[in-house]
Amino acid sequence: MRKSVAAAGSAAFFVAAPGTVGGLVPWWLTGWRTLDPFPGWIVARVVGVLLIAVGVVVVVHAFYRFVVEGLGTPLPVAAPQRLVVGGFYRFVRNPMYVAILAVILGQALLLAQWNLVAYAAILWCVSATFVRFYEEPRLRREFGADYDTYRHAVPAWLPRLRPWTP
């Protein structure tokens with residue numbers, strides 16, 4: 001797949017998937033309204049903004065890695081041709097999911113909307129199930145020993161402290 005096609009597909013999928021899961025659904029759940037602040041809310045709000053900012057950077061960078069390193073998109077029907085193990089993928093195998101969860105938890109802290117914590121928990125369960133029963137078997141079939149080596153070196157959900165070097 002050409003990089004320009006991968007970039008266009010990734011941009012469309014970015015709006016459709018993370019845009020919906022991390023933006024539209026939280027808006028439906030909260031209307032972006034802040035509930036009554038709690039003690040220490042200012043600190044929680046700052047942490048929330050940081051989680052949102054870091055999460056957005058990680059998601060955008062992960063999409064970029066799919067285009068330039070994988071020559072594909074995160075969309076399963078236009079999957080990358082090469083195993084993506086650079087950038088934030090050196091710290092955690094699922095940086096997009098982790099980052100979107102960080103964005104949602106950041107929104108929960110920023111808005112004091114605890115229903116977003118429940119939404120993030122449900123989303124993690126769905127994501128973990130999808131990764132375990134669809135993505136990992138597909139990656140194992142497609143990339144074989146390279147994926148097994150990567151999978152054993154890089155954790156799925158809690159990032160490593162030091163980047164993995166292939």
Side-chain angles (χ1 to χ4, degrees), residues 1 3 5-26 46-110 116-166:
M1 178 181 302
K3 283 185 184 178
V5 173
S10 289
F13 187 64
F14 181 85
V15 172
T20 298
V21 173
L24 186 59
V25 172
V46 169
V47 171
V49 168
L50 290 173
L51 282 171
I52 293 166
V54 169
V56 168
V57 166
V58 170
V59 170
V60 169
H61 187 264
F63 270 72
Y64 168 79
R65 297 303 302 188
F66 266 69
V67 172
V68 299
E69 183 180 342
L71 299 175
T73 76
L75 185 62
V77 297
Q81 298 169 9
R82 292 185 279 198
L83 183 62
V84 178
V85 296
F88 291 108
Y89 288 91
R90 294 172 62 204
F91 294 90
V92 65
R93 289 196 318 263
N94 300 299
M96 279 189 247
Y97 297 121
V98 172
I100 290 170
L101 291 169
V103 167
I104 294 166
L105 292 173
Q107 293 168 357
L109 290 172
L110 178 64
L116 290 177
V117 175
Y119 170 58
I122 292 166
L123 185 62
W124 180 79
C125 289
V126 170
S127 300
T129 300
F130 180 72
V131 165
R132 174 70 178 97
F133 294 105
Y134 174 75
E135 284 188 355
E136 288 181 347
R138 185 185 63 78
L139 290 168
R140 194 172 293 119
R141 277 190 311 273
E142 191 161 337
F143 299 110
D146 288 341
Y147 179 69
D148 285 334
T149 300
Y150 174 67
R151 191 170 127 291
H152 290 296
V154 178
W157 299 103
L158 295 174
R160 296 167 52 105
L161 295 177
R162 291 189 207 104
W164 175 66
T165 304

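Heads up: numbering here begins at 1 and tracks the sequence.
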Handout entry: Sub-4.5 Å side-chain heavy-atom contact between Pro166 and Tyr150
Key =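 When only atoms from C-beta onward are counted, Tyr150 and Pro166 do not touch, as no gap falls below 4.5 Å.
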Exercise for the section: State, with a plain yes or no, whether a side-chain heavy atom of Phe88 is found less than 4.5 Å away from one of Met96. Expected result: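 Phe88 vs Met96: side chains apart.
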Handout entry: side chain to side chain contact (heavy atoms under 4.5 Å, CB included) partner of Tyr147, the single match among Glu136, His152, Arg141, Glu142
Key =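 Output: one option passes, namely Glu136.
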Problem - Result of checking Val154, Asn94, Val84 against Tyr89 for side chain to side chain contact (heavy atoms under 4.5 Å, CB included) - result: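 Result: among Val154, Asn94, Val84, Val84 is the only option passing the side chain to side chain contact (heavy atoms under 4.5 Å, CB included) with Tyr89.
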Please report the closest heavy-atom contact between [X] and [Y], naming both atoms and the distance.
X: Gly87; Y: Phe91; value: O-CD1, 4.0 Å
X: Pro159; Y: Pro155; value: C-CG, 4.3 Å
X: Thr165; Y: Arg90; value: OG1-NH2, 3.8 Å

Exercise for the section: Can you measure from CZ (Phe66) to NE2 (His61) and round to the nearest 0.5 angstrom? Expected result: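 With rounding to 0.5 Å, CZ (Phe66) is 12.5 Å from NE2 (His61).
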Handout entry: Over 12 non-hydrogen atoms of neighbours within 6.0 angstrom of OH in Tyr134
Key =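 Enclosed: over 12 neighbouring heavy atoms sit under 6.0 Å from OH of Tyr134.
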Listing, residues 97-109 side-chain donor-acceptor contacts under 3.5 Å, not counting sequence neighbours, or none:
{"unit_1": "Tyr97", "atom_1": "OH", "unit_2": "Glu135", "atom_2": "OE2", "d": "2.7"}
{"unit_1": "Gln107", "atom_1": "NE2", "unit_2": "Gly22", "atom_2": "O", "d": "2.9"}

Exercise for the section: Check for a donor-acceptor pair, side chain of Arg93 on one end and backbone N or O of Arg151 on the other, with a separation under 3.5 Å. Expected result: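 Side chain of Arg93 to backbone of Arg151, a donor-acceptor pair under 3.5 Å: yes, one is there.
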Donor-acceptor list for residues 125-133 side chains, cut-off 3.5 Å, not counting sequence neighbours:
{"unit_1": "Ser127", "atom_1": "OG", "unit_2": "Leu123", "atom_2": "O", "d": "2.9"}
{"unit_1": "Thr129", "atom_1": "OG1", "unit_2": "Cys125", "atom_2": "O", "d": "2.8"}

Problem - Arg65: partners by salt bridge (charged side-chain N to carboxylate O under 4.0 Å, His left out), with sequence neighbours left out - result: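 Partners of Arg65 under the salt bridge (charged side-chain N to carboxylate O under 4.0 Å, His left out) test: Glu69.
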